[in-house]
Amino acid sequence: MINFKKLVAPYENDLLKTLAHFVSIPSVYDEAGASETMPYGKNIDTSLKEFAKLGEMYGFKVERNNRYTELSLGEKGKIIGIYGHLDVVPASANAKRNMYELTREKDILYGRGVADDKGPLLAAFYAVKALKDNNLIHNHQIRIFAGGDEEKHNTCISAYSKTHPSPDYGFSPDSDFPLIFAEKGMLHLLLSKKINFKHIVSITGGLVANAVNDRTTFTVDNIEEVKDHLTTPHQIEGNKITFIGVAAHGSLPHLGKNAFLLGLKELATLNHDDEALKLAEDFLDTTCKRIGAYHHGKYLQDTTVCVGIVDYHDGELKMTANVRCPEEPSVMVILQEILKTTGFTLLHEEHNEHLYRDPASPLVKTLMKAYQDETGDTKTPPTITGGQTYAHHLDNTVAFGVEPAGVNYAMHQDNEHIPLKDLMRATAIYARAIYYFLNLNDEN
(Lines give C-alpha, C1' and ligand atoms only; values in the text may rest on other atoms or scores of the structure.)
Protein backbone atom coordinates (compact mmCIF):
# COMPACT_ATOMS: atom_id res chain seq x y z
CA MET A 1 0.00 0.00 0.00
CA ILE A 2 1.18 3.52 -0.80
CA ASN A 3 2.43 5.61 2.12
CA PHE A 4 0.64 8.86 1.34
CA LYS A 5 2.39 10.80 4.08
CA LYS A 6 5.72 10.03 2.42
CA LEU A 7 4.22 10.63 -1.03
CA VAL A 8 3.34 14.26 -0.23
CA ALA A 9 6.24 15.08 2.12
CA PRO A 10 8.58 16.30 -0.68
CA TYR A 11 6.04 19.01 -1.57
CA GLU A 12 6.03 20.73 1.83
CA ASN A 13 8.44 23.54 0.89
CA ASP A 14 6.67 24.22 -2.40
CA LEU A 15 3.33 24.28 -0.60
CA LEU A 16 4.64 26.80 1.95
CA LYS A 17 6.14 29.07 -0.72
CA THR A 18 2.98 28.96 -2.81
CA LEU A 19 0.77 29.59 0.20
CA ALA A 20 2.91 32.57 1.23
CA HIS A 21 2.48 34.04 -2.24
CA PHE A 22 -1.31 33.65 -2.24
CA VAL A 23 -1.71 34.94 1.32
CA SER A 24 0.19 38.08 0.27
CA ILE A 25 -2.59 38.89 -2.20
CA PRO A 26 -5.41 40.61 -0.24
CA SER A 27 -8.10 38.90 -2.27
CA VAL A 28 -11.10 40.57 -0.64
CA TYR A 29 -14.18 41.40 -2.69
CA ASP A 30 -13.78 44.98 -3.89
CA GLU A 31 -17.13 46.38 -4.91
CA ALA A 32 -15.70 49.80 -5.74
CA GLY A 33 -13.03 48.31 -8.01
CA ALA A 34 -15.27 45.75 -9.70
CA SER A 35 -15.71 45.90 -13.47
CA GLU A 36 -17.03 43.75 -16.28
CA THR A 37 -13.62 42.14 -16.75
CA MET A 38 -12.84 41.97 -13.02
CA PRO A 39 -16.23 41.41 -11.35
CA TYR A 40 -14.72 40.97 -7.86
CA GLY A 41 -11.98 43.58 -8.14
CA LYS A 42 -8.27 43.53 -8.99
CA ASN A 43 -6.90 41.46 -6.10
CA ILE A 44 -9.24 38.51 -6.56
CA ASP A 45 -8.59 38.67 -10.29
CA THR A 46 -4.85 38.55 -9.55
CA SER A 47 -5.33 35.47 -7.37
CA LEU A 48 -7.27 33.68 -10.10
CA LYS A 49 -4.58 34.53 -12.64
CA GLU A 50 -1.83 33.31 -10.31
CA PHE A 51 -3.66 30.02 -9.82
CA ALA A 52 -3.79 29.65 -13.60
CA LYS A 53 -0.02 30.28 -13.79
CA LEU A 54 0.54 27.63 -11.12
CA GLY A 55 -1.38 25.10 -13.18
CA GLU A 56 0.39 26.01 -16.41
CA MET A 57 3.78 25.68 -14.73
CA TYR A 58 3.05 22.08 -13.76
CA GLY A 59 1.37 20.89 -16.94
CA PHE A 60 -2.31 21.18 -16.08
CA LYS A 61 -4.89 22.19 -18.64
CA VAL A 62 -6.15 25.64 -17.65
CA GLU A 63 -9.57 27.20 -18.11
CA ARG A 64 -9.43 30.86 -17.15
CA ASN A 65 -12.61 32.83 -16.48
CA ASN A 66 -12.95 36.21 -14.82
CA ARG A 67 -14.96 34.51 -12.05
CA TYR A 68 -12.92 31.33 -11.59
CA THR A 69 -9.95 29.27 -12.71
CA GLU A 70 -10.11 25.54 -13.35
CA LEU A 71 -7.09 23.24 -13.65
CA SER A 72 -7.63 19.78 -15.06
CA LEU A 73 -5.93 16.54 -15.97
CA GLY A 74 -7.42 13.97 -18.34
CA GLU A 75 -10.10 14.26 -20.99
CA LYS A 76 -12.14 11.08 -20.50
CA GLY A 77 -13.59 8.98 -17.74
CA LYS A 78 -15.39 9.91 -14.58
CA ILE A 79 -14.85 13.35 -13.10
CA ILE A 80 -13.19 13.75 -9.72
CA GLY A 81 -13.80 17.35 -8.72
CA ILE A 82 -12.12 19.55 -6.10
CA TYR A 83 -13.79 22.90 -5.40
CA GLY A 84 -12.07 25.60 -3.32
CA HIS A 85 -11.94 29.37 -3.24
CA LEU A 86 -9.29 32.08 -3.28
CA ASP A 87 -11.34 35.00 -1.97
CA VAL A 88 -11.15 35.79 1.75
CA VAL A 89 -12.97 37.90 4.29
CA PRO A 90 -11.15 41.15 5.12
CA ALA A 91 -8.79 41.45 8.06
CA SER A 92 -10.15 43.69 10.80
CA ALA A 93 -8.45 46.62 12.47
CA ASN A 94 -8.20 44.51 15.63
CA ALA A 95 -5.72 42.05 14.11
CA LYS A 96 -2.40 41.98 15.96
CA ARG A 97 -0.38 40.81 12.95
CA ASN A 98 -0.36 41.51 9.22
CA MET A 99 -2.91 38.97 8.03
CA TYR A 100 -1.74 39.37 4.43
CA GLU A 101 1.70 38.03 5.24
CA LEU A 102 2.27 34.36 6.00
CA THR A 103 3.96 34.15 9.39
CA ARG A 104 5.15 31.06 11.21
CA GLU A 105 5.45 30.64 14.94
CA LYS A 106 6.98 27.23 15.61
CA ASP A 107 4.60 24.87 13.78
CA ILE A 108 1.70 27.32 13.44
CA LEU A 109 1.03 29.23 10.21
CA TYR A 110 -0.86 32.53 10.47
CA GLY A 111 -2.45 34.55 7.68
CA ARG A 112 -5.76 35.28 6.01
CA GLY A 113 -6.75 32.21 4.02
CA VAL A 114 -4.36 29.68 5.56
CA ALA A 115 -7.40 27.72 6.78
CA ASP A 116 -10.19 29.28 4.69
CA ASP A 117 -9.54 28.45 1.95
CA LYS A 118 -6.16 29.05 0.29
CA GLY A 119 -4.28 26.57 2.46
CA PRO A 120 -6.72 23.67 1.94
CA LEU A 121 -7.10 24.38 -1.78
CA LEU A 122 -3.33 24.35 -2.26
CA ALA A 123 -3.06 21.20 -0.14
CA ALA A 124 -5.47 19.54 -2.57
CA PHE A 125 -3.51 20.90 -5.53
CA TYR A 126 -0.22 19.45 -4.27
CA ALA A 127 -1.97 16.17 -3.46
CA VAL A 128 -2.97 15.94 -7.12
CA LYS A 129 0.53 16.97 -8.22
CA ALA A 130 2.07 14.24 -6.04
CA LEU A 131 -0.19 11.66 -7.66
CA LYS A 132 0.58 13.05 -11.11
CA ASP A 133 4.35 13.07 -10.59
CA ASN A 134 4.24 9.45 -9.43
CA ASN A 135 2.15 8.29 -12.41
CA LEU A 136 -0.80 7.33 -10.23
CA ILE A 137 -3.50 9.14 -12.22
CA HIS A 138 -5.23 7.19 -14.97
CA ASN A 139 -8.59 6.65 -16.66
CA HIS A 140 -10.40 9.55 -15.00
CA GLN A 141 -10.53 13.34 -15.15
CA ILE A 142 -9.44 15.47 -12.24
CA ARG A 143 -10.69 19.05 -12.07
CA ILE A 144 -9.54 21.63 -9.52
CA PHE A 145 -11.83 24.64 -9.34
CA ALA A 146 -10.74 27.90 -7.67
CA GLY A 147 -13.52 30.44 -7.24
CA GLY A 148 -13.43 34.15 -6.48
CA ASP A 149 -16.78 34.86 -4.81
CA GLU A 150 -17.42 32.21 -2.16
CA GLU A 151 -17.43 34.62 0.77
CA LYS A 152 -20.03 36.93 -0.76
CA HIS A 153 -22.52 35.68 -3.33
CA ASN A 154 -21.20 32.43 -4.88
CA THR A 155 -21.67 33.80 -8.39
CA CYS A 156 -18.42 32.06 -9.38
CA ILE A 157 -19.66 28.52 -8.73
CA SER A 158 -23.14 29.42 -10.00
CA ALA A 159 -21.64 30.49 -13.34
CA TYR A 160 -19.44 27.39 -13.45
CA SER A 161 -22.24 24.94 -12.68
CA LYS A 162 -24.33 26.28 -15.57
CA THR A 163 -21.72 25.27 -18.15
CA HIS A 164 -19.93 22.33 -16.48
CA PRO A 165 -21.25 18.99 -15.30
CA SER A 166 -21.26 18.05 -11.64
CA PRO A 167 -18.51 15.57 -10.75
CA ASP A 168 -19.02 11.87 -10.30
CA TYR A 169 -17.13 12.28 -7.03
CA GLY A 170 -16.41 15.72 -5.61
CA PHE A 171 -15.31 17.46 -2.46
CA SER A 172 -14.71 20.97 -1.26
CA PRO A 173 -11.62 21.32 0.96
CA ASP A 174 -13.47 23.90 3.01
CA SER A 175 -14.88 23.00 6.42
CA ASP A 176 -14.27 20.15 8.85
CA PHE A 177 -12.84 16.68 8.97
CA PRO A 178 -13.80 13.94 8.88
CA LEU A 179 -16.60 15.02 6.52
CA ILE A 180 -19.73 17.18 6.30
CA PHE A 181 -22.79 15.25 5.13
CA ALA A 182 -25.32 18.03 5.78
CA GLU A 183 -25.18 21.82 5.65
CA LYS A 184 -27.70 24.26 7.08
CA GLY A 185 -29.89 26.44 4.94
CA MET A 186 -28.97 30.11 4.91
CA LEU A 187 -30.66 33.50 4.77
CA HIS A 188 -28.53 36.53 3.98
CA LEU A 189 -30.70 39.54 4.82
CA LEU A 190 -30.40 43.30 4.56
CA LEU A 191 -32.91 44.73 7.00
CA SER A 192 -34.13 48.27 7.66
CA LYS A 193 -36.07 49.88 10.48
CA LYS A 194 -37.08 53.42 11.37
CA ILE A 195 -36.00 53.97 14.95
CA ASN A 196 -34.88 56.97 16.98
CA PHE A 197 -32.14 55.91 19.33
CA LYS A 198 -31.75 58.23 22.31
CA HIS A 199 -28.53 60.31 22.17
CA ILE A 200 -27.13 58.26 19.26
CA VAL A 201 -26.50 60.36 16.16
CA SER A 202 -25.04 57.68 13.88
CA ILE A 203 -23.63 54.15 13.86
CA THR A 204 -21.21 52.54 11.39
CA GLY A 205 -19.54 49.17 11.70
CA GLY A 206 -18.88 45.64 10.52
CA LEU A 207 -16.88 44.39 7.56
CA VAL A 208 -18.84 41.46 6.12
CA ALA A 209 -22.26 39.91 6.57
CA ASN A 210 -21.00 36.43 7.42
CA ALA A 211 -18.83 37.33 10.40
CA VAL A 212 -19.65 38.68 13.85
CA ASN A 213 -19.33 42.46 13.92
CA ASP A 214 -16.13 43.14 15.85
CA ARG A 215 -15.81 46.93 15.54
CA THR A 216 -18.55 49.57 15.47
CA THR A 217 -18.41 53.33 15.90
CA PHE A 218 -21.24 55.24 17.60
CA THR A 219 -21.46 59.02 17.34
CA VAL A 220 -23.31 60.35 20.40
CA ASP A 221 -24.47 63.72 21.68
CA ASN A 222 -23.89 63.00 25.38
CA ILE A 223 -20.31 61.76 25.45
CA GLU A 224 -19.53 63.43 28.80
CA GLU A 225 -22.45 61.67 30.47
CA VAL A 226 -21.60 58.15 29.31
CA LYS A 227 -17.83 57.98 28.76
CA ASP A 228 -16.91 57.11 32.35
CA HIS A 229 -19.53 54.39 32.67
CA LEU A 230 -18.66 52.14 29.72
CA THR A 231 -17.44 48.61 30.47
CA THR A 232 -17.38 47.06 26.98
CA PRO A 233 -13.89 47.44 25.39
CA HIS A 234 -13.86 50.71 23.49
CA GLN A 235 -11.93 53.70 22.20
CA ILE A 236 -13.13 57.31 22.43
CA GLU A 237 -12.25 60.12 20.05
CA GLY A 238 -14.26 63.31 20.47
CA ASN A 239 -17.92 62.36 20.48
CA LYS A 240 -17.27 58.99 18.81
CA ILE A 241 -17.17 55.70 20.72
CA THR A 242 -15.73 52.71 18.90
CA PHE A 243 -16.74 49.49 20.60
CA ILE A 244 -14.43 46.52 20.06
CA GLY A 245 -15.73 42.96 19.99
CA VAL A 246 -14.49 39.57 18.85
CA ALA A 247 -15.05 38.30 15.31
CA ALA A 248 -16.33 34.81 14.62
CA HIS A 249 -17.61 32.92 11.59
CA GLY A 250 -21.19 33.77 10.72
CA SER A 251 -22.23 30.15 11.28
CA LEU A 252 -20.85 30.22 14.84
CA PRO A 253 -21.94 33.60 16.20
CA HIS A 254 -21.90 32.41 19.82
CA LEU A 255 -18.10 32.22 19.60
CA GLY A 256 -17.81 35.97 19.01
CA LYS A 257 -18.64 39.19 20.82
CA ASN A 258 -20.76 41.52 18.70
CA ALA A 259 -19.42 45.06 19.03
CA PHE A 260 -22.57 46.68 17.64
CA LEU A 261 -25.03 44.79 19.82
CA LEU A 262 -22.96 45.01 23.00
CA GLY A 263 -22.30 48.70 22.42
CA LEU A 264 -25.95 49.38 21.70
CA LYS A 265 -27.02 47.48 24.82
CA GLU A 266 -24.65 49.45 27.01
CA LEU A 267 -25.63 52.83 25.61
CA ALA A 268 -29.32 51.91 25.73
CA THR A 269 -28.98 51.01 29.39
CA LEU A 270 -27.21 54.27 30.22
CA ASN A 271 -29.68 56.29 28.15
CA HIS A 272 -32.77 54.45 29.45
CA ASP A 273 -33.72 53.58 25.87
CA ASP A 274 -36.02 50.56 26.14
CA GLU A 275 -36.53 50.13 22.39
CA ALA A 276 -32.79 50.07 21.69
CA LEU A 277 -32.21 47.73 24.62
CA LYS A 278 -34.80 45.26 23.36
CA LEU A 279 -33.32 45.28 19.85
CA ALA A 280 -29.84 44.59 21.19
CA GLU A 281 -30.96 41.80 23.51
CA ASP A 282 -33.14 40.20 20.82
CA PHE A 283 -30.23 39.78 18.42
CA LEU A 284 -27.66 38.96 21.10
CA ASP A 285 -29.64 35.74 21.54
CA THR A 286 -27.99 34.00 18.60
CA THR A 287 -30.46 31.07 18.68
CA CYS A 288 -33.22 33.23 17.11
CA LYS A 289 -35.57 32.58 20.06
CA ARG A 290 -36.08 36.27 20.81
CA ILE A 291 -36.71 37.13 17.17
CA GLY A 292 -39.43 34.47 16.88
CA ALA A 293 -37.62 32.12 14.54
CA TYR A 294 -36.08 29.38 16.65
CA HIS A 295 -36.21 25.87 15.17
CA HIS A 296 -34.39 22.61 15.87
CA GLY A 297 -33.82 19.93 13.25
CA LYS A 298 -33.00 16.24 13.60
CA TYR A 299 -29.71 16.61 11.71
CA LEU A 300 -28.99 20.32 11.52
CA GLN A 301 -29.99 21.30 15.05
CA ASP A 302 -30.58 24.96 15.95
CA THR A 303 -31.16 28.16 14.03
CA THR A 304 -28.53 30.88 14.51
CA VAL A 305 -28.35 34.57 13.63
CA CYS A 306 -25.27 36.75 13.14
CA VAL A 307 -25.44 40.54 12.79
CA GLY A 308 -22.62 41.79 10.59
CA ILE A 309 -22.66 45.20 8.86
CA VAL A 310 -24.63 48.06 10.42
CA ASP A 311 -25.42 51.63 9.43
CA TYR A 312 -27.60 54.14 11.27
CA HIS A 313 -28.25 57.65 9.99
CA ASP A 314 -31.23 60.02 10.09
CA GLY A 315 -33.33 57.69 12.20
CA GLU A 316 -32.96 54.63 9.94
CA LEU A 317 -31.07 51.50 10.98
CA LYS A 318 -29.80 49.17 8.25
CA MET A 319 -28.11 45.92 9.18
CA THR A 320 -27.26 42.55 7.72
CA ALA A 321 -28.47 39.39 9.41
CA ASN A 322 -26.92 36.05 8.45
CA VAL A 323 -29.29 33.27 9.52
CA ARG A 324 -28.43 29.57 9.44
CA CYS A 325 -31.41 27.20 9.35
CA PRO A 326 -32.11 23.50 10.03
CA GLU A 327 -33.84 21.21 7.54
CA GLU A 328 -37.33 22.30 8.59
CA PRO A 329 -39.15 24.58 8.02
CA SER A 330 -38.23 26.26 4.74
CA VAL A 331 -35.85 29.19 5.04
CA MET A 332 -38.57 31.43 3.59
CA VAL A 333 -40.88 30.52 6.45
CA ILE A 334 -38.14 31.50 8.89
CA LEU A 335 -37.68 34.78 7.04
CA GLN A 336 -41.36 35.66 7.49
CA GLU A 337 -41.15 34.80 11.18
CA ILE A 338 -38.21 37.18 11.63
CA LEU A 339 -39.94 40.05 9.83
CA LYS A 340 -43.19 39.55 11.73
CA THR A 341 -41.53 39.48 15.17
CA THR A 342 -38.93 42.22 14.72
CA GLY A 343 -40.84 44.72 12.59
CA PHE A 344 -37.89 45.15 10.23
CA THR A 345 -38.41 45.82 6.53
CA LEU A 346 -36.63 43.54 4.09
CA LEU A 347 -34.44 45.43 1.60
CA HIS A 348 -32.65 42.45 0.06
CA GLU A 349 -32.38 38.71 0.60
CA GLU A 350 -30.39 35.77 -0.70
CA HIS A 351 -31.07 32.22 0.40
CA ASN A 352 -30.19 28.57 0.04
CA GLU A 353 -32.05 25.59 1.45
CA HIS A 354 -30.19 22.92 3.39
CA LEU A 355 -28.00 20.21 1.85
CA TYR A 356 -28.02 16.50 2.73
CA ARG A 357 -25.86 13.66 1.38
CA ASP A 358 -26.54 10.04 2.26
CA PRO A 359 -23.80 8.79 4.62
CA ALA A 360 -24.17 5.36 2.96
CA SER A 361 -23.36 6.69 -0.53
CA PRO A 362 -20.11 5.63 -2.28
CA LEU A 363 -19.00 9.28 -2.18
CA VAL A 364 -19.25 9.60 1.60
CA LYS A 365 -18.05 6.06 2.35
CA THR A 366 -14.95 6.49 0.18
CA LEU A 367 -13.98 9.85 1.69
CA MET A 368 -14.54 8.53 5.20
CA LYS A 369 -12.37 5.52 4.43
CA ALA A 370 -9.60 7.78 3.14
CA TYR A 371 -9.75 9.89 6.29
CA GLN A 372 -9.83 6.88 8.59
CA ASP A 373 -7.07 4.98 6.81
CA GLU A 374 -4.78 8.01 6.85
CA THR A 375 -5.43 9.15 10.42
CA GLY A 376 -6.39 5.97 12.24
CA ASP A 377 -9.42 7.82 13.64
CA THR A 378 -12.36 5.44 13.25
CA LYS A 379 -14.47 6.93 16.04
CA THR A 380 -15.25 10.45 14.81
CA PRO A 381 -18.41 10.31 12.65
CA PRO A 382 -19.29 12.51 9.69
CA THR A 383 -20.98 15.64 10.91
CA ILE A 384 -23.04 18.69 9.98
CA THR A 385 -22.20 22.38 9.67
CA GLY A 386 -23.90 25.72 9.90
CA GLY A 387 -21.58 26.93 7.16
CA GLN A 388 -22.24 26.61 3.46
CA THR A 389 -19.71 25.43 0.89
CA TYR A 390 -19.57 24.93 -2.85
CA ALA A 391 -21.17 21.51 -2.27
CA HIS A 392 -24.49 23.37 -2.22
CA HIS A 393 -24.13 24.10 -5.92
CA LEU A 394 -23.02 20.72 -7.22
CA ASP A 395 -24.31 17.17 -7.15
CA ASN A 396 -22.20 14.36 -5.68
CA THR A 397 -20.09 16.79 -3.64
CA VAL A 398 -19.46 17.28 0.08
CA ALA A 399 -17.24 19.44 2.27
CA PHE A 400 -14.13 17.54 3.38
CA GLY A 401 -11.70 19.17 5.80
CA VAL A 402 -9.45 20.64 6.96
CA GLU A 403 -10.40 21.55 10.53
CA PRO A 404 -10.41 18.50 12.83
CA ALA A 405 -13.32 17.90 15.18
CA GLY A 406 -13.00 19.95 18.34
CA VAL A 407 -10.36 22.29 16.88
CA ASN A 408 -10.82 25.95 15.99
CA TYR A 409 -8.53 27.49 13.33
CA ALA A 410 -10.21 30.90 13.85
CA MET A 411 -11.54 31.19 10.31
CA HIS A 412 -12.83 34.73 9.63
CA GLN A 413 -11.13 35.88 12.82
CA ASP A 414 -8.08 38.01 13.64
CA ASN A 415 -5.77 35.08 14.34
CA GLU A 416 -6.68 32.67 11.54
CA HIS A 417 -4.09 29.91 11.62
CA ILE A 418 -3.33 26.27 10.90
CA PRO A 419 -0.58 23.97 12.21
CA LEU A 420 1.76 22.95 9.40
CA LYS A 421 1.46 19.31 10.43
CA ASP A 422 -2.33 19.54 10.01
CA LEU A 423 -1.96 21.08 6.57
CA MET A 424 0.41 18.32 5.49
CA ARG A 425 -1.86 15.70 7.01
CA ALA A 426 -4.72 17.15 4.96
CA THR A 427 -2.53 16.92 1.84
CA ALA A 428 -1.98 13.22 2.51
CA ILE A 429 -5.69 12.65 3.18
CA TYR A 430 -6.61 14.37 -0.08
CA ALA A 431 -4.05 12.37 -2.04
CA ARG A 432 -5.40 9.15 -0.56
CA ALA A 433 -9.02 10.11 -1.24
CA ILE A 434 -8.33 10.97 -4.88
CA TYR A 435 -6.36 7.74 -5.30
CA TYR A 436 -9.29 5.77 -3.88
CA PHE A 437 -11.68 7.45 -6.31
CA LEU A 438 -9.35 6.68 -9.18
CA ASN A 439 -9.47 3.02 -8.25
CA LEU A 440 -13.04 2.77 -6.99
CA ASN A 441 -15.11 -0.22 -8.02
CA ASP A 442 -18.53 1.38 -8.38
CA GLU A 443 -20.26 -1.94 -7.79
CA ASN A 444 -19.05 -2.07 -4.20
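We number each residue from 1, following the sequence as shown. Just so we're clear, the structure is a prediction, and the values are computed from it rather than from any experiment.
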Point to revise | Pairs flagged by ring pair (Phe, Tyr, Trp, His ring centres under 6.0 Å) wherever residues 19-55 is involved - sequence neighbours left out | key: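 Checked against ring pair (Phe, Tyr, Trp, His ring centres under 6.0 Å) - neighbours excluded - no pair reaches residues 19-55.
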**Study point:** Any pair counted as ring pair (Phe, Tyr, Trp, His ring centres under 6.0 Å), so long as it reaches residues 87-126, sequence neighbours left out
**Key:**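 Only Phe60-Phe125, Tyr110-His417 qualify under ring pair (Phe, Tyr, Trp, His ring centres under 6.0 Å).
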Return the set of residues passing salt bridge (Lys or Arg N to Asp or Glu O under 4.0 Å) with [X] (not counting sequence neighbours), or none when no residue passes.
{"X": "Asp133", "result": "Lys129"}
{"X": "Lys369", "result": "Asp373"}
{"X": "Arg64", "result": "Asp45"}

Practice item. Kindly write out the residues that satisfy side-chain contact (heavy atoms from CB on, under 4.5 Å) with Asn154, not counting sequence neighbours, or none if the list is empty. Key: Glu150, Ile157, Tyr390, His393
Inter-residue atom distance [X].[atom1] - [Y].[atom2], 0.5 Å rounding:
{"X": "Leu179", "Y": "Gln372", "atom1": "CG", "atom2": "CD", "result": "10.0 Å"}
{"X": "Leu267", "Y": "Ile241", "atom1": "CG", "atom2": "CD1", "result": "5.0 Å"}
{"X": "Leu317", "Y": "Leu279", "atom1": "CG", "atom2": "CG", "result": "6.5 Å"}
{"X": "Thr385", "Y": "Ile180", "atom1": "OG1", "atom2": "CD1", "result": "5.0 Å"}
{"X": "Ser24", "Y": "Met99", "atom1": "OG", "atom2": "CE", "result": "13.5 Å"}

Review point. Does the side chain to side chain contact (heavy atoms under 4.5 Å, CB included) test come out yes or no for Val305 and Leu187, once each step is laid out?
Key: CA-CA 9 Å; Val305 59; Leu187 287 164; over 6 Å; no
Would you kindly say whether [X] and [Y] are connected by a side-chain donor-acceptor distance under 3.5 Å?
{"X": "His295", "Y": "Asp302", "value": "no"}
{"X": "Ser47", "Y": "Lys118", "value": "no"}
{"X": "Asp214", "Y": "Ser92", "value": "yes"}
{"X": "His392", "Y": "Glu353", "value": "no"}
{"X": "Thr155", "Y": "Asp149", "value": "yes"}
{"X": "His354", "Y": "Glu183", "value": "no"}
{"X": "Gln141", "Y": "Ser72", "value": "no"}
{"X": "Glu349", "Y": "His188", "value": "no"}
{"X": "Thr242", "Y": "Glu237", "value": "no"}

Point to revise | Side-chain heavy-atom pair Met186, Lys184 within 4.5 angstrom cut-off | key: no
**Study point:** Close side-chain approach of Ile334 to Pro329, heavy-atom, < 4.5 Å
**Key:**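 Counting from C-beta outward, Ile334 and Pro329 do come under 4.5 Å.
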Set of residues satisfying ring pair (Phe, Tyr, Trp, His ring centres under 6.0 Å) with respect to [X], sequence neighbours excluded:
{"X": "Tyr436", "value": "none"}
{"X": "Phe260", "value": "none"}
{"X": "Phe400", "value": "Phe171, Phe177, Tyr430"}

When you measure from the side chain of [X] to the backbone of [Y], do you find a donor-acceptor pair of N or O atoms at a distance under 3.5 Å?
{"X": "Gln301", "Y": "Pro326", "result": "no"}
{"X": "Glu63", "Y": "Thr69", "result": "no"}
{"X": "Arg143", "Y": "Ile79", "result": "no"}
{"X": "Asn258", "Y": "Val307", "result": "yes"}
{"X": "Asp311", "Y": "Thr204", "result": "no"}
{"X": "Thr287", "Y": "Thr304", "result": "no"}
{"X": "Thr320", "Y": "Leu189", "result": "no"}
{"X": "Glu327", "Y": "Leu300", "result": "yes"}
{"X": "His85", "Y": "Ala146", "result": "no"}
{"X": "Arg324", "Y": "Gly386", "result": "yes"}

Point to revise | Gly147 versus Cys156, closest heavy-atom pair with distance | key: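 Closest pair (atom of Gly147, atom of Cys156, distance): CA-SG, 3.9 Å.
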Practice item. Kindly indicate, with the supporting measurements, whether the criterion side chain to side chain contact (heavy atoms under 4.5 Å, CB included) is fulfilled by Val128 and Ile137. Key: CA-CA 9 Å; Val128 173; Ile137 297 175; 4.1 Å; yes
Check your understanding: Any salt bridge (charged side-chain N to carboxylate O under 4.0 Å, His left out) pairs touching residues 425-438, not counting sequence neighbours?
Key -> Glu374-Arg432
Check your understanding: Pairs in or reaching into residues 5-22: which pass salt bridge (charged side-chain N to carboxylate O under 4.0 Å, His left out), with residues at least two apart or in two chains?
Key -> none
Review point. Quick one: do Lys49 and Glu56 make a salt bridge, cutoff under 4.0 Å?
Key: no
Review point. Is the shortest distance from a Lys or Arg side-chain nitrogen in Lys61 or Glu75 to a carboxylate oxygen in the other one below 4.0 Å?
Key: yes
Practice item. Decide yes or no on side chain to side chain donor-acceptor pair (under 3.5 Å) for Lys240 and Thr219, but give the supporting numbers first. Key: CA-CA 4 Å; Lys240 297 180 184 295; Thr219 302; 3.2 Å; yes
Check your understanding: Can you list the steps and then say if Asn213 with Ile309 is a side chain to side chain contact (heavy atoms under 4.5 Å, CB included)?
Key -> CA-CA 7 Å; Asn213 182 315; Ile309 302 169; over 6 Å; no
Exercise for review: Report the C-alpha distance between Leu420 and Arg104 in whole Å, list the side-chain angles of each, state the deciding distance to 0.1 Å, and finish with yes or no for side chain to side chain contact (heavy atoms under 4.5 Å, CB included).
Suggested key: CA-CA 9 Å; Leu420 177 58; Arg104 181 174 178 179; 3.4 Å; yes
Check your understanding: Counting only heavy atoms not in Lys318, do more than 12 fall under 6.0 Å of its NZ?
Key ->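 No, because the 6.0 Å sphere around NZ of Lys318 holds 12 heavy atoms or fewer from other groups.
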Check your understanding: Around atom CG of Asp314, are there more than 12 heavy atoms of other residues, nucleotides or ligands at under 6.0 Å?
Key -> no
Exercise for review: Return each pair, listed once, that meets side-chain hydrogen bond (donor to acceptor under 3.5 Å, both in side chains) where at least one residue sits in residues 399-413; pairs must be two or more places apart or across chains.
Suggested key: Asp116-His412, Glu151-His412, Tyr409-Asp422
Exercise for review: For the pair Tyr83 and Tyr160, name the ring-plane relationship: parallel under 30°, tilted 30 to 60°, perpendicular over 60°.
Suggested key: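 Tyr83 vs Tyr160 ring planes: perpendicular.
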Review point. Do Tyr371 and Asp377 pass the side chain to side chain donor-acceptor pair (under 3.5 Å) test, and can you show the C-alpha distance, the side-chain angles, and the key distance before you say yes or no?
Key: CA-CA 8 Å; Tyr371 169 82; Asp377 174 15; 2.7 Å; yes
**Study point:** His249/Ser251 under side chain to side chain donor-acceptor pair (under 3.5 Å): CA gap, chis, key distance, verdict
**Key:** CA-CA 5 Å; His249 195 286; Ser251 65; 3.0 Å; yes
